[in-house]
Amino acid sequence: MVYLTILATVALITTAVARPQSSSSPTPAAPDLSKSTCEETASRLYLPDPPHDNYFYSDCHTSVHVIVTSPRSESDLKIVKPRLLVAWPAGNSGVLALFAPESGQEGTLNISLKSSGDSALDSINDSNHVGISGSIDFNTTARLTVPILGSIRSIRDFTEGGSVNQDFQNSFGFALNADGGATINRTWLDGVTTTTLTFTPLNSAKAIVLNREAAWTLTFGTGTYRFEASYNYPQLEQLSPQEDLTGAASGLIAQNPDQTTSLSFLSYTDKLLAGTWRFLTYFGRDSMISMLLMQPILSEAAIEAVIGSVLERVNRTDGTVCHEEVLGDYATWLNRKDGIKSNAPRCDYKMIDTDFYLPIAMTSYFVDTEPGKQRSDAFFSKTASFLAENNGLKYSQLAQLTAEKIMRIATPFTQSQVMENLIHIKDGEQVGEWRDSNQGLGGGRTPYDVNTALVPAGLRAIAALSRAGFFSNHPDWSDVADQYAQIWEDETLRFFQINVPQTNAVSLVQNYVSSAGLSIPTNTDQIVGDITYYGLALNGSVGDPVVPVMNTDDCFRHFFLNTTNQTQLSAYLGQTANHILQPFPVGLSSDVGLFVANPAYSGDAVFATGFSQDDYHGTVVWSWQLAMMGAGLARQLGRCGGSDAPDFCTDTTLHAKILSAYNRLWDIIDANPDQLSHEVWSWRYDNGFKVEQLGAFISTESNVRQLWSLTFLAVHREKFGSS
Ligand SMILES: *[C@@H]1O[C@H](CO)[C@@H](O)[C@H](O)[C@H]1NC(C)=O
Ligand SMILES: *[C@@H]1O[C@H](CO)[C@@H](O)[C@H](O)[C@H]1NC(C)=O
Ligand SMILES: *[C@@H]1O[C@H](CO)[C@@H](O)[C@H](O)[C@H]1NC(C)=O
Ligand SMILES: *[C@@H]1O[C@H](CO)[C@@H](O)[C@H](O)[C@H]1NC(C)=O
Ligand SMILES: *[C@@H]1O[C@H](CO)[C@@H](O)[C@H](O)[C@H]1NC(C)=O
Ligand SMILES: *[C@@H]1O[C@H](CO)[C@@H](O)[C@H](O)[C@H]1NC(C)=O
Ligand SMILES: *[C@@H]1O[C@H](CO)[C@@H](O)[C@H](O)[C@H]1NC(C)=O
Ligand SMILES: *[C@@H]1O[C@H](CO)[C@@H](O)[C@H](O)[C@H]1NC(C)=O
């Protein structure tokens, strides 16, 4: 192999930038390939998701997700381009090769893996690289126009924003090989890790041509080429489907091979990952919500991986729980921008909702289950090792830091129940909870889910933990946290409540449908009274102090709290039931799921546009919101069997309505089995709502498998008698 000059590929940069030759902690170790063959056979899964073909591969050396995208006749060619994408959980690392037809005429190139189906890929475990190989077919002459070798974060930035920082793109090595093949490699900013992508012609396909233009590109002939993508980076230790699930749930492996293999692909001994390919790393909110929804079927190893990963990453200065970790090449780059020469991982602490899930998850396992109780002492005496700044801190200390933060920020509202004492997103941030796209909260700053559900549920959990012996230097929390919780439970809903008189409701919905240009029925005959709902957040961008967007976030209170003000609870359950029973745009339901947001009552074009069917948190369906609504309503209905059944249980009309909403929800869920494991989906209207992938409208793709979308493995329709 002859290595040629190092040149920029994406933009015109002619000099290579010097890389740091050495780096401080921790230096990546080469993968351990002491076992060149694995005892277990490799796990493979093929998931077609037009225009993407997804291939999952895992063995004892590596786990990898390979995506081959090829535009279909119906694809928007500005968004969907031919590409080969390789995503490795270890280091949130990846390779992107973007292709274009040599003719320049978009839409004329089809690429595909040679043997489709399960066995399209094989692993590479040479002396110190791990990776994946396969054969790719081009149906016409093709050009590799953009390579990205390094971090999934860079690939995501490129895919969504159209650009990737030059720091990652100015140091490729290009080589033409004696067999007619070509290799592109890049050494990471750590100076140690190298990602390599090699193509080799097969079956007399033409030799690859290197075009030494401003940006170097490779030209391929029609036909088949073998590709190999590999890197030398320490790999994670995966939890197999058997290790992920309790013994009692192991039957799911045969019943749901797709979901259990996907769950295993996202499960490792020290963390669970949020989804693939775009969020192939630790996310605190995603892992804890998934754990809580799936807890009955998850093994101790999986649950402790989740809680341990969260504790490891707590900010020791103020107790904030980490939202997203940053690893690998991207971490080195961010460190360098901060003037630090280090490959150490980093954490993003900008979310305000994630803290509360920690005590909830801890209680749900270490207080409420027998195995959790038994293992609690050993678990909490572990010491942190992931973040250098937390080195040596006990898990119990880290948990207490978060509990102290929650107690601290929850106090002002317990003293004076005014809007200013509610919890708002951080100054200077546009996002702070799960609706974390810029439009997601409609410009609101004080989110509904956090204030009406997560704060009180976190406080209840702290009280329960305190009673179970946690936080021994705050013995008063067993009472105080409960008193605080009561106030937050009872006094927060009213800030978010919106009432729309019946006649206004009809005209608002009609105007919404016509001004947003939606060719859908208005369903206004379903408006038989005033409409009540709880807005997404306070202090929206359009003047109104409550963001007037109906939404599915009621599910948080239903799932996390057993509130006790009977008038309030009955009314609250009643309005949730209405929104499920009433079809969009009057309510939230459609043939393809509940829409997580409905701006029909806003009377404002800004909201109508910001919450459309091509917005990530717009009139679209998120699988886990369906799961949490199903699980939450089941918890509330489940209270009717107990000794202190709430009032709604004996109000036969109301109880019947809630039960019928519950069953309507499950009819909708059951009608969409192919979507449920996806992150998010949208729709088109064609004589009914029809599923359309969000990625067909915008460059934000939905992950084909998302951790919290696998929760239907555990969440099912339950049987409730009528009262
Ligand atoms: C790598 O390991 C896998 C799993 O044991 C095996 O199937 C494959 O042949 C190995 N590849 C090489 C190049 O040794
Ligand atoms: C692309 O090629 C594959 C393999 O020949 C074929 O199955 C697929 O239908 C083609 N796609 C299009 C859009 O033509
Ligand atoms: C290659 O596939 C594309 C997309 O399906 C198609 O439009 C084009 O005609 C095909 N080209 C050849 C030479 O078969
Ligand atoms: C690419 O690989 C070759 C051969 O191993 C090596 O000499 C060269 O330094 C590598 N280049 C980069 C940018 O990693
Ligand atoms: C941890 O919290 C402190 C106090 O809020 C903040 O100054 C610091 O930047 C945070 N650490 C990181 C790594 O963000
Ligand atoms: C939010 O809006 C209300 C009502 O307009 C106002 O009283 C309050 O000061 C605002 N709060 C913030 C933080 O802007
Ligand atoms: C229960 O909530 C309602 C508002 O929904 C309020 O009017 C009432 O005073 C509350 N009752 C108690 C006992 O707090
Ligand atoms: C609420 O009650 C239901 C039914 O008894 C129970 O399943 C659930 O765990 C309770 N939730 C909380 C947060 O206590």
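Both ligands and their constituent atoms are indexed starting at 1 by order of listing.
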Acceptor/donor pairs from residues 704-713 side chains to any protein atom, 3.5 angstrom cut, sequence neighbours excluded:
| unit_1 | atom_1 | unit_2 | atom_2 | d |
| --- | --- | --- | --- | --- |
| Arg705 | NE | Asp258 | OD1 | 3.0 |
| Arg705 | NH2 | Asp258 | OD1 | 3.4 |
| Arg705 | NH2 | Asp258 | OD2 | 2.6 |
| Gln706 | OE1 | Asn703 | ND2 | 2.7 |
| Ser709 | OG | His678 | O | 2.8 |
| Thr711 | OG1 | Trp708 | O | 2.9 |

- Item | Residues Asp122 and Ser133: side-chain donor-acceptor under 3.5 angstrom | no
- Message: With a 4.5 Å cut-off on side-chain heavy atoms, are Trp88 and Tyr231 touching?
- Response: yes
- Message: Distance under 4.0 Å to a non-hydrogen atom of His61: what atoms of ligand 1 satisfy this?
- Response: 1 (C), 2 (O)
- Item | Note, Gln259 side chain near Ser677 side chain (heavy atom, < 4.5 Å) | yes
- Message: Can you confirm whether some protein heavy atom lies under 4.0 Å from atom 9 (O) of ligand 3, or whether none does?
- Response: no
- Message: Side chains of Thr200 and Arg226 only: does a donor on one sit below 3.5 Å from an acceptor on the other?
- Response: no
- Close side-chain approach of Asp157 and Ser154, heavy atoms under 4.5 Å: no
- Item | Which of the ligand 4 atoms, numbered from 1, are nearer than 4.0 Å to a heavy atom of Thr194 | 14 (O)
- Are any of the N/O atoms in Asn139 less than 3.5 Å from those in ligand 3? yes
- Task: Using distance alone, decide if ligand 1 has a nitrogen or oxygen within less than 3.5 Å of any nitrogen or oxygen in Tyr57.
- Result: no
- Heavy-atom distances under 4.0 Å are what count here, so tell me which part of Thr108 touches ligand 3: side chain, backbone, both or neither. backbone
- Ser123 near ligand 1, heavy-atom distance under 4.0 Å? yes
- Within the 4.0 Å heavy-atom cut-off, what Thr187 brings close to ligand 4 is both
- Task: Measure the distance from atom 5 (O) of ligand 3 to every protein heavy atom, then report the residue, atom name and distance (to 0.1 Å) of the closest one.
- Result: Asn110 CB, 4.1 Å
- Query: Looking just at side-chain N and O atoms, do Asp329 and Thr193 make a donor-acceptor pair shorter than 3.5 Å?
  - Reply: no
- Query: Side chains of Arg346 and Asn335: do they bring a donor and an acceptor to under 3.5 Å?
  - Reply: yes
- For Cys38, take its heavy atoms, then give the atoms of ligand 1 lying under 4.0 Å from any of them. 4 (C), 5 (O)
- Query: For atom 7 (O) of ligand 3, what is the nearest protein heavy atom, given as residue, atom name and distance?
  - Reply: Gly107 O, 3.5 Å
- Before signing off on this row, confirm whether Ser171 and ligand 4 have an N or O atom pair separated by under 3.5 Å. no
